[in-house]
2 protein chains.
Amino acid sequence: MSLDIGAHLKAVRQMYGLSQRELAKRAGVTNGLISLIEQNRVSPSVSSLKKVLDGVPMALADFFTLDLERQSQVFFPKEELSNIGAGSVALRLVGGNLAKRSMSILHEIYAPGADTGEEMLTHAGEEGGVVVRGRVELSVGGETRILGAGDAYYFRSTLPHRFRNVGREECEIVSASAPPTF
Amino acid sequence: MSLDIGAHLKAVRQMYGLSQRELAKRAGVTNGLISLIEQNRVSPSVSSLKKVLDGVPMALADFFTLDLERQSQVFFPKEELSNIGAGSVALRLVGGNLAKRSMSILHEIYAPGADTGEEMLTHAGEEGGVVVRGRVELSVGGETRILGAGDAYYFRSTLPHRFRNVGREECEIVSASAPPTF
DNA sequence: CTGGACTGTTTAATATTCTCAACATCATGA
DNA sequence: TCATGATGTTGAGAATATTAAACAGTCCAG
């Protein structure tokens with residue numbers, strides 16, 4: 001996310017074919033403010049930005065989500081999977097060398113006691129997976145459960161989460177996240 | 001979206017177990033500001049809110065997207081996976097009851113001889129997966145390979161493709177496709 | 001060319017956010 | 001009991017967002 005609110009707003013406004021004054025009127029603010037915002041000479045308060053976007057109309061979430069900017073190998077023998085594991089968690093990424101992917105698919109192996117760490121993980125997007133072997137303790141947004149072979153999960157990755165192999169055996173998971181985290 | 005920024009921020013902060021001061025320090029703002037924001041006594045400027053969220057860290061888009069009330073199901077015991085299998089291919093969908101997903105994650109089990117059909121599959125998006133057990137013959141865009149446990153694949157789903165269990169044992173795959181096909 | 005209606009920009013005054021420091025409260029422990 | 005360190009809150013002032021009004025440019029009709 002660019003946080004170039006100015007250019008962003010300008011693009012949105014022009015997408016709707018509105019002038020600064022026209023948008024200002026609909027939004028209940030002054031044209032000057034819109035000019036200043038578009039030049040990044042001020043950082044609008046959330047309430048003002050909301051007023052402005054209401055004039056379009058567009059939700060705040062959509063405004064910040066909007067991305068203005070946005071063959072290859074098919075088969076990946078296990079030897080060719082990019083090994084991006086760290087410590088006691090082995091991560092094998094499917095399609096690591098692909099230029100643009102819309103997902104990360106991972107083959108994860110947690111050694112006994114392996115842990116993604118006390119500091120909870122958070123990032124944009126969604127992720128899910130299936131436990132293939134072993135048992136894993138998964139905490140998501142305050143809730144904690146133990147999942148065994150065949151069990152699965154799916155959540156928005158913005159929720160703080162943590163994986164921990166609490167068993168005595170290896171735990172194997174195949175997971176996917178979109179947009180790609182690796 | 002409630003635009004109850006205050007309660008929203010407070011919830012996020014507490015989800016991470018941070019005090020106002022602690023978050024303030026990470027964010028480079030004062031604890032007082034966070035207090036005022038959480039009480040909705042000010043409407044933070046976007047730049048301040050960004051600073052605060054950077055301390056968590058969380059993207060603005062995620063902050064506004066986050067729906068605190070309707071936290072959907074996260075854990076899916078295998079019995080609760082939607083069974084959408086047809087014929088000799090058992091498909092278990094992760095998160096089938098979720099309103100909006102950006103992916104389909106499937107736990108697939110191919111019986112010996114199982115086949116997605118002579119008519120090649122094609123659809124929008126991308127898909128990939130990891131073979132967990134057994135062997136499968138995968139054809140994509142004219143190329144054909146046999147994948148065993150630990151092998152993987154990733155391709156654009158517009159390429160005609162077909163899965164076939166050519167072995168004498170079951171074959172187990174965990175796959176994902178975005179956008180969701182189920 | 002002249003006036004009017006549009007465009008976006010700028011300035012000075014006003015309103016709001018934000019900081020700094022002090023305050024009140026609660027818990028822990030000497 | 002008193003001290004200590006944590007919590008969130010508050011008030012006055014500094015910093016910044018926002019307004020209102022004037023400015024400059026473009027385009028088109030008269």
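If you're wondering where the values come from, they're calculated on a predicted model, not measured in any experiment. Numbered from 1 within each chain, the chains take letters A, B, ... in sequence-line order.
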Quiz item: Could one point to a donor on the side chain of B:Asn31 or the base of D:dT7 with an acceptor on the other under 3.5 Å away?
Solution: no

Exercise. Take the protein atom CZ of A:Arg13 and the nucleotide atom P of C:dT9, then report the distance between them rounded to whole Å.
Key: 8 Å

Practice problem: May I ask you to say whether A:Glu38 pairs ionically with A:Arg13, meaning some side-chain N is under 4.0 Å from a carboxylate O? | Solution: yes

Self-check item: Nucleotide D:dT7, atom C1' - distance to CD of B:Glu22 in whole Å
Solution: 12 Å

Quiz item: Quick one: is D:dT16 close enough that its OP1 or OP2 comes under 4.0 Å of any side-chain N or O from A:Arg41?
Solution: no

Quiz item: If each of A:Leu36 and B:Ser48 is mapped to the nucleotide of DNA chain C with the nearest heavy atom, which maps nearer the 5' terminus, i.e. the 5' end?
Solution: A:Leu36

Practice problem: Quick one: label B:Ile34 by what it contacts on the DNA or RNA (base, sugar-phosphate, nothing), any heavy atom closer than 4.0 Å. | Solution: nothing

Practice problem: Would you indicate, yes or no, if D:dT9 has its OP1 or OP2 atom less than 4.0 angstrom from a side-chain nitrogen or oxygen of B:Gln20? | Solution: yes

Exercise. In whole angstrom, give the distance that lies between atom NZ of A:Lys25 and atom P of D:dA20.
Key: 15 Å

Exercise. Please work out if B:Gln39 contacts a base, only the sugar-phosphate, or nothing of the nucleic acid, heavy-atom cut-off 4.0 Å.
Key: sugar-phosphate

Quiz item: When the distance from CD1 of A:Ile37 to P of D:dT16 is rounded to whole Å, what number comes out?
Solution: 17 Å

Quiz item: So which one's nearest nucleotide on DNA chain D is more toward 5', A:Arg21 or A:Val42?
Solution: A:Val42

Quiz item: Over how many whole Å does the gap from A:Lys50 atom NZ to D:dA17 atom C1' extend?
Solution: 19 Å

Quiz item: Considering residues, nucleotides and ligands other than A:Arg135, do more than 12 of their heavy atoms fall under 6.0 Å from its CZ?
Solution: no

Practice problem: Apply side chain to side chain contact (heavy atoms under 4.5 Å, CB included) to the pair B:Ile173 and B:Cys171, showing each step before the final yes or no. | Solution: CA-CA 7 Å; B:Ile173 297 177; B:Cys171 178; 4.1 Å; yes

Quiz item: When the distance from NZ of A:Lys51 to P of C:dT16 is rounded to whole Å, what number comes out?
Solution: 9 Å

Self-check item: Distance test, side-chain N/O of A:Ser35 to OP1/OP2 of C:dT9, below 4.0 Å
Solution: yes

Quiz item: What integer distance in Å separates A:Leu49:CG from C:dT16:P?
Solution: 18 Å

Self-check item: Distance in angstrom units between A:Leu33 CG and C:dT16 P, rounded
Solution: 14 Å

Exercise. Carefully, step by step, assess A:Asn40 and A:Asp4 under the rule side chain to side chain donor-acceptor pair (under 3.5 Å).
Key: CA-CA 7 Å; A:Asn40 287 321; A:Asp4 185 352; 2.7 Å; yes

Self-check item: Nearest-nucleotide comparison on DNA chain D, the residue closer to the 5′ end among B:Ser19 and B:Ser45
Solution: B:Ser19

Quiz prompt | Whether A:His8 and A:Phe63 hold their rings parallel, tilted or perpendicular, with breakpoints at 30° and 60° | solution = tilted

